[in-house]
Amino acid sequence: MQLPAGSALDRLLVTGGCDATVSVADFRKIATAAASALKGTGARTALCALAGTRVEGADLAARIRTLLSAVSLAVYRYDSYKSTKEPAAALRSVAVLTDKRGEKTTRAAVREASALKQGFDFARDLGNEPPNVCHPTYLLQQARMLKQAGKMGRADKVKVSALDEKKMTELGMGAFMSVSRGSEQPGRMIIIEYKGGKRGEAPVALVGKGITFDTGGISLKPGPGMDEMKFDMCGAASVLGATRAIIEAKLPINLVTVVAAAENMPSGRASRPGDIVSTMSGQTVEILNTDAEGRLVLCDAITYVQKYKPSAIVDVATLTGAIIIALGSHASGLYANDDDLAEELLGAGQRTGDRAWHMPLWDDYQKQLKSNFADMANIGGREAGSVTAACFLARFAKEVPWAHLDVAGSAFQGGAAKGATGRPVGLLFEFVRARAQG
Ligand code: BES
Ligand code: MN
Ligand code: ZN
């Protein structure tokens, strides 16, 4: 809308257009439409008036986070490798209008939203990076950058370290190593410790699948669409992105993030169908399909992270094609051995629109993993492929409250809009934010 001459504003963008209370889902749609219209105007700055909006179960802070996230996602671009770049989005800054009473809440929400934007952009950039650049060592280099964000005054709250293949072999991570050995690129187990919370308080643990390229190994994948297997590190990207957002927002919580980074390649050193390996937990695995590699790197990461005595473990992985068949791209598949943890994650997904759907982890499925020669097989047959993958991981989480997000459908898009979505950074950040708030 064009405004009269002399007005302090150039344009007015009105969205929503009703004064009733709307649902969180509708508000998010309105926010997304507003963000895309805003981008279209070519405006350099924008001022949002949100105080009058009414959204079911969303306070002012939540509404601000929702609107600003929509804008962040809309203005993202990835064109590092294009010779001619599309003109950058004109939008430089977005401000939120507030009165004195709402000032403190508004400032905090805006700070959180900009921390979240950095986390989302980080995750999407990592996901989109080509696999000849984004290998395990690159992920480690990128993780090291998080140390910068962790310098708060004189306090140094972030520690980044990594296990190399020699160390992992010593620790008995035979499952991780069976995947990593097939590649010329050395595998890495990356560990980020953030101490933002009380001294001695049990950390939340995030674990990410970081297969920087998944050829399937000796159980080679078919050619068409194989390029999309560069996105097989999107679980890792999302836990790194969430970690970045948590550090930038200085959330008062202790966190340990572990990324299992390896490349799944066929080679003379690659594992064969029929190989039996022993995991760090002591359990043995018969590898019946080398393309079910995600669970092999994750099981050792899940065992390893337990040395930090976490209050909960959440792993994120592009684990199975089967979850895409079950849920499409709208929801991540959620599995958990603890109902309270599941509720927390489902709630975080609901509030942010980065939704998850609770899948069964019943004992009935466990028998599909039976092996004639080892403690378990690494595949469970055609039926319920995403469930049996989760059942496999559950055997390594043991008694610790643990949840698994299968994000094969939600973390990236194929087709014309091919690219990393950054999901589930929004869910993870909200989960930890709500925990930190108590
Ligand atoms: N990375 C794939 C899963 C995947 C498929 C992610 C499509 C994103 C899009 C995983 O490593 C895999 O290959 N899983 C197999 C498991 C099977 C061999 C039991 C699958 O889903 O086919
Ligand atoms: Mn695979
Ligand atoms: Zn994979």
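As the structure lists them, so they are numbered: ligands from 1, and atoms in each ligand from 1. Computed over heavy atoms, backbone and side chain alike; hydrogens, waters and symmetry mates excluded.
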Side chain, backbone, both or neither: the part of Phe412 lying under 4.0 Å from ligand 1 by heavy atom = side chain
Asp291 backbone or side-chain N/O/S under 2.8 Å from the Zn ion (ligand 3) = no
Classify the contact between Asp291 and ligand 1 as side chain, backbone, both or neither, using a heavy-atom distance cut-off of under 4.0 Å.
-> both
For atom 22 (O) of ligand 1, the closest protein heavy atom turns out to be Gly321 N, 4.5 Å
Which residue owns the protein heavy atom closest to atom 18 (C) of ligand 1, what's the atom, and how far is it?
-> Asn289 ND2, 3.5 Å
Compute the angle centred on the Mn ion (ligand 2) spanning OD2 of Asp214 and OE1 of Glu293, and express it rounded to 10 degrees.
-> 100°
Of the protein's non-hydrogen atoms, which lies at the shortest distance from atom 7 (C) of ligand 1, and what is that distance?
-> Met229 CE, 3.7 Å
Ligand-residue contact atoms, ligand 1 with Ile324, heavy atoms, under 4.0 Å = 7 (C), 9 (C)
For residues Ser180 and Glu165, report the shortest heavy-atom separation together with the two atoms involved.
-> OG-OE2, 2.5 Å
Considering only non-hydrogen protein atoms, determine which one is nearest to atom 19 (C) of ligand 1 and report residue, atom name and distance to 0.1 Å.
-> Ile379 CG2, 3.4 Å
May I ask you to check whether Ala292 brings an N, O or S atom to under 2.8 Å from the Zn ion (ligand 3)?
-> no
Have a look at Glu293 and say which of its N, O or S atoms is nearest the Zn ion (ligand 3).
-> OE2
If the plane angle is over 60° it's perpendicular, under 30° parallel, otherwise tilted; pick one for Phe392 and Phe396.
-> tilted
Met233 pairs by side chain to side chain contact (heavy atoms under 4.5 Å, CB included) with which of Pro136, Ser238, Cys134?
-> Cys134
Parallel, tilted or perpendicular: which describes the rings of His404 and Trp402, with under 30° parallel and over 60° perpendicular?
-> parallel
Have a look at Pro203 and tell me which of Val305, Asn254, Leu255, Ile313 forms a side chain to side chain contact (heavy atoms under 4.5 Å, CB included) with it.
-> Asn254
Could you check Lys117 against Asp121 for salt bridge (charged side-chain N to carboxylate O under 4.0 Å, His left out), going step by step and ending with a plain yes or no?
-> CA-CA 6 Å; Lys117 175 176 177 4; Asp121 288 354; 2.5 Å; yes
Should the proximity of Arg382 to ligand 1, defined as any heavy atom under 4.0 Å, be assigned to the side chain, the backbone, both, or neither?
-> neither
Ranked by distance from atom 14 (N) of ligand 1, the top protein heavy atom is Leu319 O, 3.5 Å
May I ask you to identify the nearest protein heavy atom to atom 2 (C) of ligand 1, giving residue, atom name and distance to one decimal place in Å?
-> Asp214 OD2, 3.6 Å
What's the OD2-the Zn ion (ligand 3)-OD2 angle here (Asp232, Asp214), rounded to 10 degrees?
-> 90°
Please step through side chain to side chain contact (heavy atoms under 4.5 Å, CB included) for the pair Ser281 and Lys398, ending with a clear verdict.
-> CA-CA 10 Å; Ser281 74; Lys398 305 208 164 128; 4.2 Å; yes
Contact between Asn264 and ligand 1, counting heavy atoms under 4.0 Å?
-> no
Gap separating the NE2 atom of His135 from the CZ atom of Arg188, nearest 0.5 angstrom | 10.0 Å
Which is closest to atom 6 (C) of ligand 1 in terms of heavy atoms, Gly414, Gly385, Ala408, Ala411?
-> Ala408
Strictly under 4.0 Å, does any heavy atom of Glu228 approach an atom of ligand 1?
-> no
